[in-house]
Amino acid sequence: MATITIKNLVKKYGDNTVVSNLNLSVNDGEFITLLGPSGCGKTTTLRAIAGLVEIDDGEIYLDDRLINDLPPHKRSTSMVFQSYALFPHMSVRDNVAFGLRMQKVPKSERDDRVKEALQMMGLAELADRGPGQLSGGQQQRVAVARAIVTHPVVLLFDEPLSNLDLKLRERLRIDIRELQRRLKITAVYVTHDQAEALVISDRIAIMDKGEIIQCADPVTIYSHPANAFTADFIGQASIIKARVIESNEYGCTVETPIGKLVSSDRPKGASNSVMVCWRPEEITLYQEEHHNRIEGKIESNIFMGNLTDLFVDVNGTSLRVQMGGSVNLQPGNKIVLGLSKDKVRVIEAEV
Amino acid sequence: MTKKNHTLTLLLLLFPGVGYIALMLAAALVMTVLQSMGLFNFTGVSQFGFQEWVEVFNQQTWDAFAYSTKVAFASSLLCMILAYPLALFLRREFLAKKYFNAVIRMPLFMPALVAAFLILNVIAYHGIFNEFLIRLGIIREPLRLTHDDWGLGVIGIQIWKNLPFQTLIVTSVLASIQSDLENAAKNLGAGPWQVFRDILFPLSIPGIVTGVVLVFIGIFGDYAINTVAGPNYPPSLAIRMYTNANIFNDWGQAACIAIIIIISSMVYAWLITRVASFATR
């Protein structure tokens, strides 16, 4: 049980700055996810917490203790690696017992705790096997058992599920989440998979180019992205350039290539040049209560099973719309769409 | 193209490479075996028989065999013991590492005989090393470091010559161990020594054994360094083989010793591998 506070973290590899001035605080027992594309510095940040990379500047605190200069083996953080990193020359049991052996836990207690951890992860029958004899999912379970058996104050996950297939991924991320809740361990989770981040996290920190650009709970991140990057990275988003023509305390009206749109959101900055965004599934067939009426022509109609992807031409701009089930409209057909004003989010224009 | 034709084409395509090796290796081996059986005698009457084999197992051959074995084991093991820490050290980044690496690899570019001569100047009876110690008053008589009965000079030169090679092997073996394994061990509370003892060392054994075996075989069959710095008696097996063929004109005896070298090398290689795999179980 611990809090993590990171202040102005900087990490460079030569001239390449991978993490620049990163600030983050993780509450006790919280599950926080660092989410971003590859190369955004999320793994480096995680490894800095574990002490596996030397940082160039900044401070990392575990509770109130500055741990910058603490070697990794004294940090009481347990990490689950993307590559599993199981010791190939040891049995499952010995892998899980490794951390306890390093802590010099007496043999009888060690055996009990290893057994308990293996049972918790559903691995009791595999204790005497070698890692090479296990499937990917089983290997990652062993890695999780190995990480929790030492009773760490912080659990760190470095894209633990990205080498597994979809079904297993969906199953294991729920298992990991439940385990973390049960053990009440503070957890930092790194992934580039936005669906995973939404399911598993108390809070998501979106990272880009070595910085956290938005940090909030999953619902806020999804429904109120602070910028175009977040909107685009989490789920699907239609983002278009807009010019503010009127703004008051209730919202604003903007001019866009697809016509005038009203929004209940307001521009944060002083500039009139902004962007507006919404989710493709938030556009529906027009109804009275919609504030925005959009007329267009169907460009293409792609049936995806649970939904249909429509591309609609509006004044020369292609607009993506997702509707549930199948839609009986052919390319060339006219369509009248509606978008309610609280779905239109105003975000800062990209510089 | 029929299937039979296809197979023939494949065989013909393989021939320049595999055929050459097979022919040359087989020809050389068969010749040597036949010579040891009294056939293809260059200097006397060729007659099939086991006379050469009865003659070859004499005290001198045993002495040479024991000597070669002793020197090869001592040098290759010492070489490994020295190479391992060096390879661990080379994993770190430090100032001018590039130049340091270049310097320690120099012996790789020197033929054994040249290497032996270089070292000989230093450790000879009246070489720099002895003169230096006498000048300092540490010893009164020069130490016999070459041509000594124990083959210490040879062992020294062999280590000097093979250390870079062994270091190179250990370095690449250590580099092939996934760095996350080391990270995971550290993360679970293992200090530097424990990481070495529990992770790096056990995982590096198979690769290192290969290195030891390669170095061992080279030293076991050495001729050059033993001629320059070896004891007057016993000779190494290779020297004894050469003497038999070119001095005594006895090619049958030489062929027997050649076969003894080949078979012993294989048996020792197997033995080293077995002992290592047994020790790590």
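Order of the sequence lines sets the chain letters (A, B, ...), proteins ahead of strands, with each chain counted from 1. This one's a predicted model, so the numbers in the text were calculated from it and none came from an experiment.
The distance from the OH atom of Tyr84(A) to the CD atom of Gln178(B) is 11.0 Å, given to the nearest 0.5 Å. For the atom pair CD1 (Ile199(B)) and CZ (Phe98(A)), the distance works out to 4.0 Å, reported to the nearest 0.5 Å. Atom CG of residue Leu203(B) and atom CE of residue Met90(A) lie 8.0 Å apart, to the nearest 0.5 angstrom.
Between the His73(A) side chain and the Ala185(B) main chain, no donor and acceptor come within less than 3.5 Å of each other. Between the side chain of Asn187(B) and the backbone N or O of Pro72(A), no donor-acceptor pair lies under 3.5 Å.
No more than 12 heavy-atom neighbours from other residues, nucleotides or ligands sit within 6.0 angstrom of OH on Tyr20(B). Within 6.0 Å of atom CD in Glu54(A), 12 or fewer heavy atoms from other residues, nucleotides or ligands are found, so the atom counts as exposed in its surroundings. Annotation: Leu95(B), atom CG; neighbour count of heavy atoms from other residues, nucleotides and ligands within 6.0 Å does not exceed 12. The number of heavy-atom neighbours closer than 6.0 Å to CG of Asp165(A), taken from other residues, nucleotides and ligands shown, is above 12. Heavy-atom contacts from other residues, nucleotides or ligands closer than 6.0 Å to NZ of Lys12(A) number 12 or fewer. The number of heavy-atom neighbours closer than 6.0 Å to CZ of Arg197(B), taken from other residues, nucleotides and ligands shown, is above 12. With a 6.0 Å radius and a threshold of 12 heavy atoms from other residues, nucleotides or ligands, Lys74(A) has its NZ atom at or below the threshold.
Closest heavy-atom contact between Ser83(A) and Asp180(B): OG-OD2, 3.1 Å. Nearest approach of Met102(A) to Asp198(B), heavy atoms of both residues: CE-OD2, 3.1 Å.
At a 4.5 Å heavy-atom cutoff, the contact between Arg101(A) and chain B is made by side-chain atoms alone. Interface residue Phe81(A): only side-chain heavy atoms are found under 4.5 Å from chain B. Only the backbone of Leu86(A) comes within contact range of chain B, with heavy atoms under 4.5 Å apart.
Looking only at heavy-atom pairs under 4.5 Å with chain B, the residue among Met79(A), Arg75(A), Gln82(A), Gln103(A) that has the most is Met79(A). Heavy-atom pairs under 4.5 Å with chain B were tallied for Ala143(A), Gly99(A), Ala147(A); the largest tally goes to Gly99(A).
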